[in-house]
Amino acid sequence: MQVATGKSILNGIAIGKIKIYKAPKMDISSELITDIDGEISRFDEAVEKAIDQQNALYDKALVTAGEESAEIFSVHAMMLEDEDLTDAVHEIITRGKHTAEYATKQAFDNQAQVFAEMDDPYMKARSADIYDIEQAVLNVLMGIDTDSMQGTEPAILVAEDFAPSETVRLDKSLLLGMITIEGSSNSHTAILARSMNLPSLIQCKSVSDDWDGKLAILDGYNSCVYIEPTDDLLASLTAKQKDDERKRALLQELKGEPNTTIDGTTIKVYANIGGPSDLGAVQVNDAGGVGLFRSEFVYLNSKDYPTEDEQSEAYKLAVQTLAPKQVVIRTCDIGADKKVDYMNLDPEENPALGYRAVRICLTRKDFFKTQLRALLRASDYGNLAIMFPMIISLRELNECKILLDECRKELAAEGKKLGEPSIGIMIETPAAVLCADELAQACDFFSIGTNDLTQYVCAIDRQNAKLEPFSDTHHPAVLRAIKMTIDAGHRHGIWVGICGELGADLSLTETFLRMGIDELSVNPKSVLPLRKQIRSLDLRLEPGAAQVAD
Ligand code: PEP
Ligand code: MG
């Protein structure tokens, strides 16, 4: 048996085989070739194989997901047969003496660009399909077996690190746990792992390629992984895993119960989500609403700018499914660690202090307005609230509101029906805390993003694993900033919540309640443990007299 340690980001046990995940390297050489016919045949054969793969995916999806979802694969197969596209590749190989890979990338990228610039939303969306089939052809040409990257059986996935865009694309049904060599506990990948309730280890330095395929136990309680565990250990940790399941089942009894302390203080407990696929978890865990819909995951899940229609469908689905519960949708917080190729964001010296969130939205106004229009359209279907991230000044909030008004007028003129979404902001910068009195007079609610607030108050890059020894999530400055925000919000009659990871920290629930917090929004799996904790508290007792929930 081998034991390796790391940093646990979720208490829990995962048992299963290890799968080493290696992202493909797409180094496309611009070297010139001499065997033109040979290169054309390589390309033609790759296209044939890619078509076969799309047809096989169609057959599989027909059984698992139904006709409507499967349809896309037959469309892809048809697109791969398009002679204009294959002629363009042949031309680049013949005239430019380029490799099949290089020619495929050039020709398909050009075609995708043509679609992306079209006005018709349907045609615009075809650009993402071109990128999909381009990837399929390149995978064949470069011998990349995407199935074997994650495998076909449930496994504990081990990787150097995962980008948020990779994590969202993983097949969740095949994930038992995650282990990374790098990573920090407050990164978005860690947040995603928590929200998927996946026992995970980060900073596990002694990962080795020969773990691949071996049985392992990821022990999140003890921050370690056992490779080829002994029978005794397997038996005791299987029992612990069962015990966890039993405790989770007991929590089900709290469904439908109020989030009320023994002395009668009630708060809202909402859930954080990354998109419509998390709605089931919101319902199953009986959250009172959604306190943070990280809309940037809609962008991360997409190969090109999501259109107004696509976005409006995603937001409408959330709002309509949960109505009359409130769904707080945060406008796109892209940038820093959350990047997508199609936005062409420049590399930056200090990305966390850089061009992100409303800073992008307020400079790329058409981009922002597409989202605001989609949100307003979805607001007609339920209880939607719009929340702006990374605000540092009243001027920024007012600019966001002016653009929102512009969109409202445009849509009204087009005869579209709209709701009346309430408007809130995230408090995640020291500037916002210090200006909270002014900001509270210009919006309907505050939601404190403790992940970024901690990073900016303590000047600790949340992505930098080396700084973890210096990081203190309970730093008094952060707790004081939270209290100042709550007080400022209440002075002006608006509600104040927390949607950062600290909201789920049960050792702070009592502190937050004593501060007067109105809402805590946590990953769906933390809703019932948090409810249990709230219900165990009696604020008439001395602080700390209540037990932390097990
Ligand atoms: C936060 O900063 O606390 C927050 C909720 O936003 P994110 O983690 O997505 O930056
Ligand atoms: Mg944030």
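Just so you know, ligand 1 is whichever comes first in the structure, and atom 1 is the first atom listed for that ligand. Values in this document were obtained by computation on a predicted structure and should not be read as measured data.
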Would you kindly specify which portion of [X] sits under 4.0 Å from ligand 1, judged on non-hydrogen atoms: side chain, backbone, both or neither?
{"X": "R330", "value": "side chain"}
{"X": "I191", "value": "side chain"}
{"X": "R294", "value": "side chain"}

Residue [X] vicinity, atoms of ligand 1 by number, heavy atom under 4.0 Å:
{"X": "D452", "answer": "1 (C), 2 (O), 3 (O), 10 (O)"}
{"X": "G500", "answer": "3 (O), 5 (C)"}
{"X": "G449", "answer": "1 (C), 2 (O), 3 (O)"}

May I ask you to check whether [X] and [Y] show a side-chain donor-acceptor distance below 3.5 Å?
{"X": "Q455", "Y": "D452", "answer": "yes"}
{"X": "T307", "Y": "D309", "answer": "no"}
{"X": "Y131", "Y": "D341", "answer": "no"}
{"X": "Q311", "Y": "T370", "answer": "no"}

May I ask you to say whether R330 pairs ionically with E296, meaning some side-chain N is under 4.0 Å from a carboxylate O?
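Judged by the 4.0 Å cut-off on N to carboxylate O distance, R330 and E296 do form a salt bridge.
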Give a rough value, rounded to 10 degrees, for the angle at the Mg ion (ligand 2) between atoms OE1 of E428 and OD2 of D452.
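So the angle at the metal works out to 100°.
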May I ask you to decide if the ring planes of Y21 and F162 are parallel, tilted or perpendicular, using 30° and 60° as cut-offs?
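Tilted.
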Protein heavy-atom partner closest to atom 7 (P) of ligand 1 - residue, atom, separation in Å:
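Looking only at protein heavy atoms, the one closest to atom 7 (P) of ligand 1 is H188 NE2, 3.3 Å.
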With a 4.0 Å cut-off on heavy atoms, is [X] touching ligand 1?
{"X": "M426", "value": "yes"}
{"X": "R462", "value": "yes"}
{"X": "K338", "value": "yes"}

My understanding is that we take every heavy atom of each candidate and find the minimum distance to atom 3 (O) of ligand 1. Doing that for N451, L502, L453, L292, which one comes out nearest?
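Residue with the shortest heavy-atom distance to the ligand atom: N451.
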Knowing that exactly one of I517, I448, L434 qualifies, which makes a side-chain contact (heavy atoms from CB on, under 4.5 Å) with T485?
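Exactly one pass, corresponding to I448.
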Backbone of C332 reached by a side-chain donor or acceptor of Q371 within 3.5 Å
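A pair under 3.5 Å: yes.
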